[in-house]
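Each remark here refers to the structure printed beneath this line.
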Amino acid sequence: MNNNNFEIINTPIQINEVINKVEDRNAGAINTFIGTVRELTKGKKTVYLKYDAYISMAEKKLAQIGGEIQKEYPESKVAITHRIGELAISDIAVVIAVSTPHRADAFAASRYAIERIKEIVPIWKKEHWEDGEKWMGDQLEHKPYPEGKPEKGDLN
Amino acid sequence: MNNNNFEIINTPIQINEVINKVEDRNAGAINTFIGTVRELTKGKKTVYLKYDAYISMAEKKLAQIGGEIQKEYPESKVAITHRIGELAISDIAVVIAVSTPHRADAFAASRYAIERIKEIVPIWKKEHWEDGEKWMGDQLEHKPYPEGKPEKGDLN
Amino acid sequence: MSIRILLFAELEEKVGTRQIEIDGTEMTAGEVRNTLLEKYPEVSAFNSAMMAINEEYADDQDVVREGDLVAFIPPVSGG
Amino acid sequence: MSIRILLFAELEEKVGTRQIEIDGTEMTAGEVRNTLLEKYPEVSAFNSAMMAINEEYADDQDVVREGDLVAFIPPVSGG
């Protein structure tokens, strides 16, 4: 699995490019998760979002997630692209693609990837509302790990 | 939800077109399932596949599946395109896209859709191997419903 | 005075055509099935196929009337 | 004789810059954290941030040496 399979970019994500990376003659199933900017969150209206990342570490952590999936599903291929910068409503923030021979594994692995991204990948979202702005990820709005940091076993 | 969201076509499926149909300002998650032609199934090498369908009924049944999903997840949007005709290895047979405000629902609905397609949608696959060919769906190779036909409750 | 019948996949291939007609104005789906089993005794797949009347799945006791479109649906394998 | 430190998100905004340096040749990550809490007493987010040394998550007792790159990682919110 190429490291180009795990990218942080600051331009619009081309869904097909991410999917093409996981194509395989022995894949019968590709699951794709696309995270988009939603207008309403708990009744609050988002105007736009800004994502920032510790890019080099974030790409490493995305690749780590890919490695975790390949360990569990040796025949899988994984690609993840996350966009940073300013995003408008309906813009795509992240695309995950996982191919596997059989469909149940593709679903499970894709789900795992998005949950892990929210735990260990150093990317931050700043919500901009009409009446203010806020870096998300704090304990009031969103708590990524119960102990304030990932468990030791989650990190390496 | 437009009926054009549920299509049987005999040309290559454009993934983006299916995904575009489910975009929504209040969708934060889009799950896409892509079924592709796998070369090896139980050690047997597929040369190509042929899909056929009872097109008008199949589109109705795809729309029914979309309706079932919307009943369970009222804020969801669903689009399904299935290709028929001759398909080569790695060609895309089906694309399912489901958008929902929150990701867990998108995963669950997309998974539901592919399982339902395999139960109730009148589409048939003929495998062509080097040494023969066979319409799939019989009880030896694949059994779509335990009783030889769907339960009454599954049908309407 | 006939009922139109659609055949697909293995059934279409074995019978050699997608569309056939049988005489009749009103009968049950099960009677349609039996008629075809008598007409094509070598095609046992008529036994295991589901049936649809006007694009909706039907049971053997459902009634087929003249002008209805009956389809035999072998076990499906899409996806 | 210094250790490079990266700040992100809320921390970057509050401190006003992404990269700072502190004097030192060898100390624990916890000591780096305390140094910054003393230097920026109004920035409590240094308390709740994770730390990374050379792009790997670290615990407070892990050792930071000259030339290492230390990052403070506020609770993440990607995806």
Side-chain angles (χ1 to χ4, degrees), chain A residues 8 33-37 49-65 80 82-84 93-96 113-127 133-156, chain D residues 3-22 27-37 40-65 67-79:
Chain A
I8 306 291
F33 177 81
I34 301 164
T36 56
V37 178
L49 291 185
K50 206 185 128 189
Y51 279 97
D52 203 352
Y54 181 4
I55 296 178
S56 54
M57 182 171 167
E59 290 185 338
K60 264 190 174 174
K61 289 290 148 188
L62 292 177
Q64 175 187 321
I65 293 169
I80 306 173
H82 202 298
R83 181 177 172 189
I84 56 172
V94 63
V95 175
I96 297 164
I114 183 62
E115 302 304 330
R116 283 297 268 166
I117 287 170
K118 289 171 182 288
E119 282 172 1
I120 67 163
V121 181
I123 298 174
W124 301 272
K125 173 168 75 173
K126 191 178 192 179
E127 293 253 14
E133 55 183 47
K134 189 176 202 332
W135 283 104
M136 307 307 283
D138 69 3
Q139 299 180 348
L140 287 173
E141 298 282 346
H142 175 74
K143 195 160 175 285
Y145 8 82
E147 301 302 319
K149 59 179 191 175
E151 299 295 303
K152 188 73 181 168
D154 288 342
L155 297 179
N156 300 306
Chain D
I3 290 164
R4 288 175 301 153
I5 294 170
L6 292 177
L7 307 176
F8 295 96
E10 187 188 348
L11 279 173
E12 177 181 8
E13 225 169 65
K14 292 229 163 112
V15 172
T17 179
R18 172 160 292 191
Q19 188 162 350
I20 56 176
E21 295 194 353
I22 59 172
M27 57 176 86
T28 65
E31 286 166 345
V32 173
R33 189 193 297 274
N34 288 334
T35 303
L36 290 165
L37 279 165
Y40 303 100
E42 75 287 6
V43 186
S44 62
F46 277 115
N47 263 318
S48 54
M50 286 286 296
M51 292 182 73
I53 302 173
N54 300 328
E55 303 179 357
E56 277 302 336
Y57 285 107
D59 285 324
D60 273 9
Q61 62 269 30
D62 288 335
V63 175
V64 179
R65 292 188 179 78
D68 283 348
L69 186 57
V70 175
F72 282 85
I73 316 272
V76 303
S77 50

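In what follows, chains carry the letters A, B, and so on, assigned in the order in which the sequence lines appear, proteins first and then strands, with residues in each chain numbered from 1. Everything numeric here is computed off the predicted structure, so don't read it as measured data. Below, each value reflects all heavy atoms present in this structure, side chains not excepted, and no hydrogens, waters or symmetry copies.
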Please walk me through it: do D:R18 and A:Y54 pass side chain to side chain contact (heavy atoms under 4.5 Å, CB included)?
CA-CA 10 Å; D:R18 172 160 292 191; A:Y54 181 4; over 6 Å; no
Taking A:Y51 for the side chain and D:S77 for the main chain, is one N or O donor matched with an acceptor at less than 3.5 Å?
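Here the side-chain-to-backbone pair does not exist.
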Against chain D, label A:A53 side chain, backbone, both or neither, depending on which of its atoms sit under 4.5 Å from a heavy atom there.
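The answer is the backbone of A:A53.
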Let me know if A:I117 has heavy atoms under 4.5 Å from chain D in its side chain, its backbone, both or neither.
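Both parts, backbone and side chain.
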Answer yes or no: is there a side-chain heavy-atom contact under 4.5 Å between A:W135 and D:P75?
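The answer is no, as the side chains (C-beta and beyond) never meet within the 4.5 Å cut-off.
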Side-chain contact, heavy-atom cut-off 4.5 Å: D:P74 with A:W124?
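D:P74 vs A:W124: side chains touch.
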Look up atom NZ in A:K126 and atom CD in D:E10, then write down how far apart they are to the nearest 0.5 Å.
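It comes to 9.5 Å.
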Taking only residues two or more places apart in sequence or in another chain, which ones pass side chain to side chain contact (heavy atoms under 4.5 Å, CB included) with A:E127?
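With sequence neighbours excluded, A:E127 shows a side chain to side chain contact (heavy atoms under 4.5 Å, CB included) to A:T41, A:T46, A:L49, A:K125, A:W129, A:M136, given in chain and number order.
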Not counting sequence neighbours, which residues clear side chain to side chain donor-acceptor pair (under 3.5 Å) with D:E55? List them please.
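Per chain and number, D:E55 pairs via side chain to side chain donor-acceptor pair (under 3.5 Å) with A:S56, A:K60.
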Go through the atoms of D:A52 and report whether side chain, backbone, both or neither lie under 4.5 Å from a heavy atom of chain A.
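Just its side chain gets close to chain A.
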List the atom of D:V76, the atom of A:I120, and the distance in Å for their closest heavy-atom pair.
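What the structure gives for the nearest pair is CG2-N, 4.4 Å.
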